[in-house]
Amino acid sequence: MRFSGLRVLKEGLTGNKGWTPHWRNPEPKAEYDVIIIGGGGHGLATAHYLASVYGITNVAVLEKGYLGGGNVGRNTTIVRANYGLPGNSEFYSYSLKLWEGLEKDLNYNVMHSQRGIINLFNSDGSRDAAARRGNQMVSQGDDAQLLDTAALRKMLPYLDFDQTRFPIYGGLYHSRGGTARHDAVAWGFARAADQRGVDLIQQCEVTGIDVVDGVVKGVQTTRGPIRAKKIGITAAGRSSEVAAMAGMRLPIESHVLQAFVTEGLKPMIDTVITYEAGHFYISQSDKGGLVFGGSLDLYSSYASRGNLPMAEHVIESACTLMPAITKAKVLRSWGGIMDMSADGSPIIDKTHIDGLYVNCGWCYGGFKATPGSGHVFAHLMATDNPHRVATKHRLDRFRTGVGIMDEEASGSQHNLH
Amino acid sequence: MRLPCPICGERDIREFYYQGADVALNRPAPDAGDDAWQDYVYLRENQPGEHRDLWQHESGCGSWIVVSRNTVTHEVTGAKLAKDIKRIEA
């Protein structure tokens, strides 16, 4: 079924009886050309692009829970292309362009809203860094504008500009950045892939990866063995667990990142604001909740929840930046399992096992990458060559030391990102 | 999460600096080769459940400690001074 304004009108007038499920619920077949392990944003996007761009439709996405139940359903929904390093810069630029055409491509309303992102800075040094970052973004063909406090006061009158602790010196404005409805992104990719014949198999946990003489042959699952010529791992925070089934260790540590949302409020924040002093970011959802977060708790964790010290730190940052938020009540907080790579950049590559591919290491920034990640991973799996915007995301950079992508310049070490 | 420093007793996690998996205690020889150094610096088991990691009680006694804890439940089951573990293994 295609969605359209006319269809909404027709269904509205006929009791909404014509809507059908977004996707089938098929039994797994004995064999597929391609198996994707992990039915989250990146896995579903990979399946969509395999089918729509590369014509490979004999594909199964295996998901141990329900579609979109991992990080794509637990993030703070920010979409942007403001990276600086060669490799990341062109990749995220490409991904943002895919976002801009995504709703037409998927025939699905993912509520992509280019409401802009403002990265506030709090010192002369960070103003210089923001100016340089802005120039890098413009050089890449994206947009960036350095704003002074006079311009910011008009846009964000509720910030505490003159505080003594971290006074606001200005901001870098990325007007094409924004947010999207995170669940809808997963659902849109799932529906589009399903319509092209991809089997989305839920409640199907992979328990083993069959490798014979260095060649991947298939997987063992809770719903029986399934053979495949090629297997892609898109398991986010669980990547190391899945890779271990093929005898591999990855340069990944899984960490917890917390996020918070307040009760629904009247429209207040019509953009996304980040505040470097506290590594804090905030936006307002279409339901009215203020959605915000900060840094990792910074210890290895699979708990999907964090500890109170980081919650306190994030909320202190919120109160320092915009005192009005002290009147709001926090409704919910949660944690996600982040696949932190040692240099803070993703890995999209073949492995030493023929037919086995990994797509991981998205750290705390995987959501905005969803269409780009899916597209380049589909390209890699279909052609066995990296996509032109993902040539630098190699797995062997950690062995050779060549091509380490430390975007934050904090050092390539597990506890520094 | 509170960590039991063997010298200072149980303390708030904010007093500690997190280094990472206790693989950091097993530094290879300088000429051990790329694979050994990749193992040491980058590759991690990273499986959910029981985990041993290295922390420094930087706002306390300054000791490096190896903490045993469960990464799924955040239960902390013990901590030993890293220097004692090195001595046992040596």
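Per chain, numbering begins at 1; letters A, B, ... match sequence-line order.
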Peer 1: Which value, rounded to the nearest 0.5 Å, describes the distance between B/N46 atom CG and A/L250 atom CG?
Peer 2: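 Going from CG on B/N46 over to CG on A/L250, the span is 8.5 Å.
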Peer 1: Quick one, B/R44 and A/P251 - any side-chain contact, counting heavy atoms below 4.5 Å?
Peer 2: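 A side-chain contact under 4.5 Å is absent here.
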Peer 1: In residues 6-21 of chain B, which residues are in contact with chain A at a heavy-atom separation under 4.5 Å?
Peer 2: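 Listed by number, the contacting residues are B/D12, B/I13, B/R14, B/Y17, B/Y18, B/Q19, B/G20, B/A21.
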Peer 1: Just jot down the side-chain contact (heavy atoms from CB on, under 4.5 Å) partners of A/T76, sequence neighbours excluded, or say none.
Peer 2: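 Residues passing side-chain contact (heavy atoms from CB on, under 4.5 Å) with A/T76: A/I78, A/A259, A/Y281, A/V291.
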Peer 1: If you round to the nearest 0.5 Å, how far is OH of A/Y302 from CG of B/N70?
Peer 2: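 Spacing of CG (B/N70) from OH (A/Y302) equals 12.0 Å.
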Peer 1: When rounded to the nearest 0.5 angstrom, what distance separates CE in B/M1 from OG in A/S301?
Peer 2: 7.5 Å
Peer 1: Could you pull out all residues at least two apart from B/V41 that satisfy side-chain contact (heavy atoms from CB on, under 4.5 Å)?
Peer 2: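 side-chain contact (heavy atoms from CB on, under 4.5 Å) check on B/V41 returns B/W37.
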Peer 1: Using heavy-atom distances under 4.5 Å, tell me whether A/S412 contacts chain B through its side chain, its backbone, both, or neither.
Peer 2: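 For A/S412, the contact with chain B is made by backbone and side chain together.
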Peer 1: To the nearest 0.5 Å, how far apart are CZ in A/R305 and OG1 in B/T73?
Peer 2: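 Result: 7.0 Å between the selected atoms.
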Peer 1: So how far is it from A/R249 CZ to B/E45 CD, rounded to the nearest 0.5 Å?
Peer 2: 5.0 Å
Peer 1: Heavy-atom distance under 4.5 Å between the side chains of B/R69 and A/S300, does that happen here?
Peer 2: yes
Peer 1: Do A/E241 and B/P48 touch side chain to side chain, with heavy atoms closer than 4.5 Å?
Peer 2: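 Answer yes - side chains close enough.
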Peer 1: On a heavy-atom basis, which atom in A/H414 and which in B/Y42 lie closest, and how many Å separate them?
Peer 2: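 Closest heavy-atom pair between A/H414 and B/Y42: NE2-O, 2.6 Å.
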Peer 1: So what's closer than 4.5 Å to chain B heavy atoms on A/R238: side chain, backbone, both or neither?
Peer 2: side chain
Peer 1: Please flag which part of A/I252 lies under 4.5 Å from any non-hydrogen atom of chain B: side chain, backbone, both or neither.
Peer 2: both
Peer 1: Report, by ascending residue number, the residues of residues 54-67 of chain B in heavy-atom contact with chain A at a distance under 4.5 Å; give 'none' if the set is empty.
Peer 2: B/W55
Peer 1: Which residue out of A/D343, A/V256, A/N307 racks up the most heavy-atom pairs below 4.5 Å with chain B?
Peer 2: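 Greatest number of close heavy-atom pairs with chain B: A/N307.
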Peer 1: Locate the shortest heavy-atom distance separating B/Q47 from A/S240; write the atom from each residue and the value.
Peer 2: NE2-O, 3.1 Å
